[in-house]
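Here the structure is a predicted model, which is why all the values come from computation and not from measurement. Only heavy atoms go into these numbers, but all of them, side chains included; no hydrogens, no water, no symmetry mates. Every chain is numbered from 1 and lettered A, B, ... according to where its sequence line falls, protein lines coming before strand lines.
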2 protein chains.
Amino acid sequence: MPLSTPVPAAEYEACPVTDVLRRLSDKWTLLVLTLLGQRPYHYNELHRAIEGISRRMLTRTLRVLETDGLVAREVFPTVPPTVEYRLTPLGVSFLGPIGAVAQWAVAHGDEITAARRRGGLTPAASRGD
Amino acid sequence: MPLSTPVPAAEYEACPVTDVLRRLSDKWTLLVLTLLGQRPYHYNELHRAIEGISRRMLTRTLRVLETDGLVAREVFPTVPPTVEYRLTPLGVSFLGPIGAVAQWAVAHGDEITAARRRGGLTPAASRGD
DNA sequence: CGGCATCCAGTTCGATACTG
DNA sequence: CAGTATCGAACTGGATGCCG
């Protein structure tokens with residue numbers, strides 16, 4: 001019954017790898033992780049550092065990372081309130097794998113660009129020449 | 001003028017890293033790449049192997065990978081037609097970085113799961129206890 | 001300062017049906 | 001066998017406004 005399937009969608013925890021990959025690519029996660037890898041940041045500090053991000057997305061991103069245990073959130077009972085975010089050991093351990101992909105991307109970025117230019121708009125077309 | 005910005009959205013090629021990450025996480029790419037890393041596959045062979053994927057998405061995924069130069073597509077003029085997909089050297093070179101992330105995900109998957117369980121539904125709540 | 005709730009546009013993905 | 005085309009549902013991400 002494809003018309004009334006209440007499938008929650010997000011049921012498929014396919015494999016942990018895909019799960020992790022999807023999380024990283026929610027557009028800001030990687031950037032936030034990279035920044036926090038350098039030093040702890042305050043909420044608005046991150047907001048200014050990334051600059052293109054909305055408060056909504058920054059909060060969401062941090063929440064996910066916190067929930068997954070990659071980022072720690074510490075509240076200082078000052079006035080006005082201050083909140084600091086930093087990488088947990090688990091978060092730090094993830095910088096390595098990220099780095100591997102990052103290095104590959106940087107190293108082969110031009111190859112991909114070149115391939116795209118060749119493929120252009122008709123990747124499968126003009127194939128049976 | 002935030003009310004009439006015609007921003008095409010998809011203009012920001014942020015950094016090659018984010019770009020690559022987003023590509024990988026389109027839900028099927030990683031899986032396809034992993035399968036092709038083992039051996040060449042025919043179109044329907046991939047379709048059967050993944051099983052949850054629709055033809056539409058399989059085709060799109062393969063197109064992107066082909067356009068980016070990670071996968072090669074070869075048509076055999078048989079009847080009925082046969083098409084074989086295989087990793088290019090660039091695609092093969094990417095198995096390493098993917099492996100790094102994959103290994104991390106497998107190794108720390110339970111930690112993430114545990115963190116999520118702890119955080120539960122109130123990650124930020126009950127923090128000032 | 002830090003954060004959440006609501007609304008809304010753009011994109012992604014699946015189901016389905018049709019072609020060579 | 002190997003796709004392509006179209007539609008609609010779901011998800012993502014941004015803008016805005018209110019609260020502690």
Side-chain angles (χ1 to χ4, degrees), chain A residues 1-12 14 18 22-29 31-32 40-48 50-64 66 71 73-85 122-125 127-128, chain B residues 1-12 14 18 21-29 31-32 40-64 66 73-85 121-125 127-128:
Chain A
M1 54 295 270
L3 291 176
S4 57
T5 18
V7 184
E11 193 65 73
Y12 51 84
T18 295
R22 285 189 72 86
R23 219 164 266 278
L24 293 177
S25 62
D26 75 317
K27 187 173 188 180
W28 301 112
T29 301
L31 197 46
V32 169
Y41 273 80
H42 290 174
Y43 182 84
N44 275 327
E45 216 176 3
L46 279 173
H47 192 227
R48 280 189 297 272
I50 301 185
E51 191 164 354
I53 198 173
S54 62
R55 277 194 179 74
R56 173 185 151 80
M57 287 316 295
L58 178 55
T59 300
R60 283 184 55 141
T61 301
L62 289 169
R63 281 283 174 282
V64 171
E66 189 193 357
V71 164
R73 176 176 179 271
E74 185 175 9
V75 183
F76 295 94
T78 56
V79 48
T82 304
V83 179
E84 191 173 273
Y85 291 93
T122 55
R127 186 48 68 87
Chain B
M1 56 294 275
L3 290 176
S4 57
T5 19
V7 184
E11 194 65 71
Y12 51 83
T18 297
L21 260 299
R22 285 189 71 87
R23 220 165 266 279
L24 294 178
S25 60
D26 74 317
K27 188 174 186 179
W28 301 112
T29 300
L31 198 46
V32 170
Y41 273 81
H42 289 174
Y43 182 85
N44 275 327
E45 216 176 1
L46 280 173
H47 193 227
R48 279 189 297 274
I50 301 184
E51 192 164 353
I53 199 172
S54 63
R55 277 193 178 72
R56 171 183 153 80
M57 286 316 295
L58 178 56
T59 299
R60 283 186 58 138
T61 300
L62 289 168
R63 282 280 177 284
V64 171
E66 188 194 357
R73 176 176 178 273
E74 186 175 8
V75 181
F76 295 94
T78 56
V79 46
T82 304
V83 179
E84 191 174 274
Y85 291 93
L121 298 173
T122 56
R127 186 47 64 86

Original post:
Within this structure, what is the CZ-to-P distance between A:Phe76 and C:dG2, rounded to whole angstrom?
Top reply: 11 Å

**OP:** Please identify each residue that fulfils side-chain contact (heavy atoms from CB on, under 4.5 Å) with A:Pro81, with sequence neighbours left out.
**Re:** none

Original post:
Rounded to whole angstroms, how far apart are CG on B:Leu31 and P on C:dC13?
Top reply: 14 Å

Original post:
When you check the phosphate oxygens OP1 and OP2 of C:dG3, does a side-chain N or O of A:Tyr85 lie under 4.0 Å from one of them?
Top reply: yes

Original post:
Rounded to the Å, how far apart are B:Ile53 CD1 and D:dG3 P?
Top reply: 13 Å

Original post:
Are A:Leu62 and A:Leu46 close enough that some pair of their side-chain heavy atoms sits under 4.5 Å apart?
Top reply: yes

Original post:
Has A:Arg56 got a side-chain N or O lying under 4.0 Å from the OP1 or OP2 atom of C:dC8?
Top reply: no

Original post:
Where the side chain of A:Arg73 is concerned, which of C:dG14, C:dC7, C:dG3 is the nearest nucleotide?
Top reply: C:dG3

Original post:
Which is true for B:Thr59 with a 4.0 Å heavy-atom rule: it touches a base, it touches only sugar-phosphate, or it touches nothing?
Top reply: base

Original post:
Does a nitrogen or oxygen in the side chain of B:Lys27 sit under 4.0 Å from OP1 or OP2 of D:dC11?
Top reply: no

Original post:
Taking the side chain of A:Ser54 as heavy atoms from C-beta outward, which of C:dG3, D:dG14, D:dG3 is closest to it?
Top reply: D:dG14

**OP:** Mind calculating the distance between NE2 (B:His42) and P (D:dG3) to the nearest angstrom?
**Re:** 11 Å

Original post:
Can you tell me if the side-chain N/O atoms of A:Arg60 get under 4.0 Å from OP1 or OP2 in D:dG14?
Top reply: no

Original post:
With sugar-phosphate meaning primed atoms plus P, OP1 and OP2, does B:His47 contact a base, only sugar-phosphate, or nothing at under 4.0 Å between heavy atoms?
Top reply: nothing

Subject >> Interatomic distance where CZ belongs to A:Arg48 and C1' belongs to C:dG2 [whole Å] >> reply: 12 Å

Subject >> Proximal nucleotide (of D:dC1, C:dG14, D:dG3) relative to the B:Asn44 side chain >> reply: D:dC1

Original post:
For the side chain of B:Arg22, counting heavy atoms from C-beta on, which of D:dG13, C:dC13, D:dC1 is nearest?
Top reply: D:dG13

**OP:** Could you pick out which residue, A:Pro81 or B:Val83, lies toward the 5' side of DNA chain D when each is mapped onto its nearest nucleotide?
**Re:** B:Val83

**OP:** Write down the distance between CG (A:Leu58) and P (C:dC4), rounded to a whole number of angstrom.
**Re:** 11 Å

**OP:** For the helix from C:dC1-D:dG20 to C:dG20-D:dC1, measure the angle between the helix axis at one end and the axis at the other, each built from five pairs, rounding to 10°.
**Re:** 40°

**OP:** Not counting sequence neighbours, which residues clear side-chain contact (heavy atoms from CB on, under 4.5 Å) with A:Leu31? List them please.
**Re:** A:Trp28, A:Ile50

**OP:** Could I get the full list of side-chain hydrogen bond (donor to acceptor under 3.5 Å, both in side chains) partners for A:Tyr85, not counting sequence neighbours?
**Re:** A:Arg73

**OP:** Rounded off to whole Å, could you give me the CD-to-C1' distance for the B:Glu84 and D:dG3 pair?
**Re:** 17 Å

Subject >> Integer-rounded Å distance: D:dT6 P and B:Arg55 CZ >> reply: 18 Å

**OP:** Mind running side chain to side chain contact (heavy atoms under 4.5 Å, CB included) on B:Val75 and B:Thr82 for me, showing each step along the way?
**Re:** CA-CA 6 Å; B:Val75 181; B:Thr82 304; over 6 Å; no

Original post:
Restricting to pairs with a member in residues 45-61 of chain B, which pass side-chain hydrogen bond (donor to acceptor under 3.5 Å, both in side chains), not counting sequence neighbours?
Top reply: B:Arg39-B:Glu45, B:Tyr43-B:Thr59

Subject >> Exam field: side chain B:Thr29 to backbone B:Asp26, donor-acceptor pair closer than 3.5 Å >> reply: no

**OP:** Please check if the side chain of A:Thr78 supplies one atom and the backbone of A:Pro80 the other of a donor-acceptor pair under 3.5 Å.
**Re:** yes

